[in-house]
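Structure first, then comments.
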Amino acid sequence: MEIALAAAFRVGPGVIVIAGTGSIAYGRNAQGQTARAGGWGFAVSDEGSAHWIGRSAVSSLLRSIDRRALPRLASDEAAALPLYRDMLAGWGIGSFDEFLRHANSTSDFSALFPAVLKAAESGDSSAAGVLKAAGDVLADLALEVAQRLFPDGQSRIPAAVAGGVFAHSRVVRDMFCTRAGKLAARMQIKPGVVEPVRGALEMARNAGR
């Protein structure tokens with residue numbers, strides 16, 4: 001989180017939101033004070049991360065099956081859903097029973113992120129809904145940090161994003177920007193996705209001076 005912040009703002013103030021396998025929001029104000037939100041681990045936190053997206057997609061899929069009124073087996077209902085077929089491929093399994101066993105025994109929900117992207121691009125509303133929800137919760141993390149570091153109501157709040165979720169999902173990026181703008185009109189989000197390695201190089205240069 002420190003190198004991503006340096007990549008986005010060097011030594012200046014700002015808020016960086018990172019969403020990859022995990023997620024976190026981290027920031028620094030002009031006085032050098034720092035704050036963070038999220039990033040407490042995949043089992044209890046990491047909202048909007050690839051892991052969170054995969055797990056949420058599984059839950060959404062199963063709720064969709066529950067809502068169907070047709071007198072068919074759950075496995076038959078699942079087979080009709082593009083998201084389910086993409087997730088089977090993502091986990092490399094072949095049946096609904098395997099899917100349920102794996103979902104209840106694995107911690108590798110991030111492996112399903114590409115499947116959710118593919119399903120959303122194919123028009124699956126459930127997958128698209130999960131990605132939009134990810135953008136929302138990531139914006140909430142940004143706001144929590146911004147409120148602690150920039151409380152005066154006047155100064156602008158520089159913000160940026162990093163990580164594979166933002167890099168690969170325009171839906172997440174767009175929803176994040178929309179939600180963040182509604183929550184904090186002062187938030188000014190840098191275009192593009194930050195490469196944290198640039199921050200590491202910046203910090204190394206500064207350390208050598």
Quick note, ring-ring contact (aromatic ring centres under 6.0 Å, His included) partners involving residues 17-59, not counting sequence neighbours, are Phe42-His51, His51-Phe109
TODO: Begin with the C-alpha distance, continue with both residues' side-chain angles, and end with the deciding distance and a verdict on side-chain contact (heavy atoms from CB on, under 4.5 Å) for Phe96 and Ile65.
DONE: CA-CA 12 Å; Phe96 187 69; Ile65 292 171; 4.0 Å; yes
Atom pairs and distances, donor-acceptor, side-chain atoms in residues 124-138, under 3.5 Å, two or more places apart:
unit_1	atom_1	unit_2	atom_2	d
Asp124	OD1	Ser126	N	3.0
Asp124	OD1	Ala127	N	2.8
Ser126	OG	Ser60	OG	2.5

Considering residues at least two apart in sequence or located in another chain, which fulfil the side chain to side chain contact (heavy atoms under 4.5 Å, CB included) criterion with [X]?
X      : result
Arg85  : Pro82
Leu143 : Gln147, Leu183, Ala184
Ala115 : Asp86, Met87
Ala111 : Trp91, Asp108

Is there side-chain contact between [X] and [Y], with heavy atoms separated by less than 4.5 Å?
X      : Y      : answer
Phe99  : Leu61  : yes
Val193 : Arg173 : yes
Met187 : Phe150 : no

What is the distance from atom [atom1] of [X] to atom [atom2] of [Y], rounded to the nearest 0.5 Å?
X      : Y      : atom1 : atom2 : value
Arg148 : Asn29  : CZ    : CG    : 11.5 Å
Arg179 : Lys182 : CZ    : NZ    : 8.0 Å
Thr34  : Leu5   : OG1   : CG    : 9.0 Å

Quick check: is [Y] connected to [X] through a chain of hydrophobic side chains (ILVMFWY, heavy atoms under 4.5 Å apart)?
X      : Y      : answer
Ile189 : Met175 : no
Phe9   : Phe176 : no
Ile157 : Met1   : no

- Message: Tell me whether Ser45 contacts the main-chain N or O of Gly41 through its side chain, where contact means a donor paired with an acceptor under 3.5 Å.
- Response: no
Nearest heavy-atom approach of Leu83 to Ala119 is CD1-CB, 3.8 Å
Scanning both residues in full, the closest heavy-atom pair of Ala8 with Val194 reads CB-CG2, 3.8 Å
| task | Please test Val58 against Leu62 for side-chain contact (heavy atoms from CB on, under 4.5 Å), starting from the C-alpha separation and ending with a verdict. | result | CA-CA 6 Å; Val58 171; Leu62 296 175; 4.1 Å; yes
Salt bridge (charged side-chain N to carboxylate O under 4.0 Å, His left out) filter on Arg28, not counting sequence neighbours, yields none
Residues passing the salt bridge (charged side-chain N to carboxylate O under 4.0 Å, His left out) test with Asp174, sequence neighbours excluded, are Arg170
Sorted by chain and residue number, the side-chain hydrogen bond (donor to acceptor under 3.5 Å, both in side chains) partners of Gln188 (sequence neighbours excluded) come out as Arg156
Contacts under 3.5 angstrom, residues 159-167 side chains, donor-acceptor by atom type, not counting sequence neighbours:
none

Return all side-chain donor-acceptor pairs below 3.5 angstrom for residues 12-24, not counting sequence neighbours, or 'none' if the list is empty.
unit_1	atom_1	unit_2	atom_2	d
Ser23	OG	Asp46	O	3.3
Ser23	OG	Glu47	N	3.2
Ser23	OG	Glu47	O	2.6

Residue pairs passing the salt bridge (Lys or Arg N to Asp or Glu O under 4.0 Å) test with at least one member in residues 53-65, sequence neighbours excluded, are none
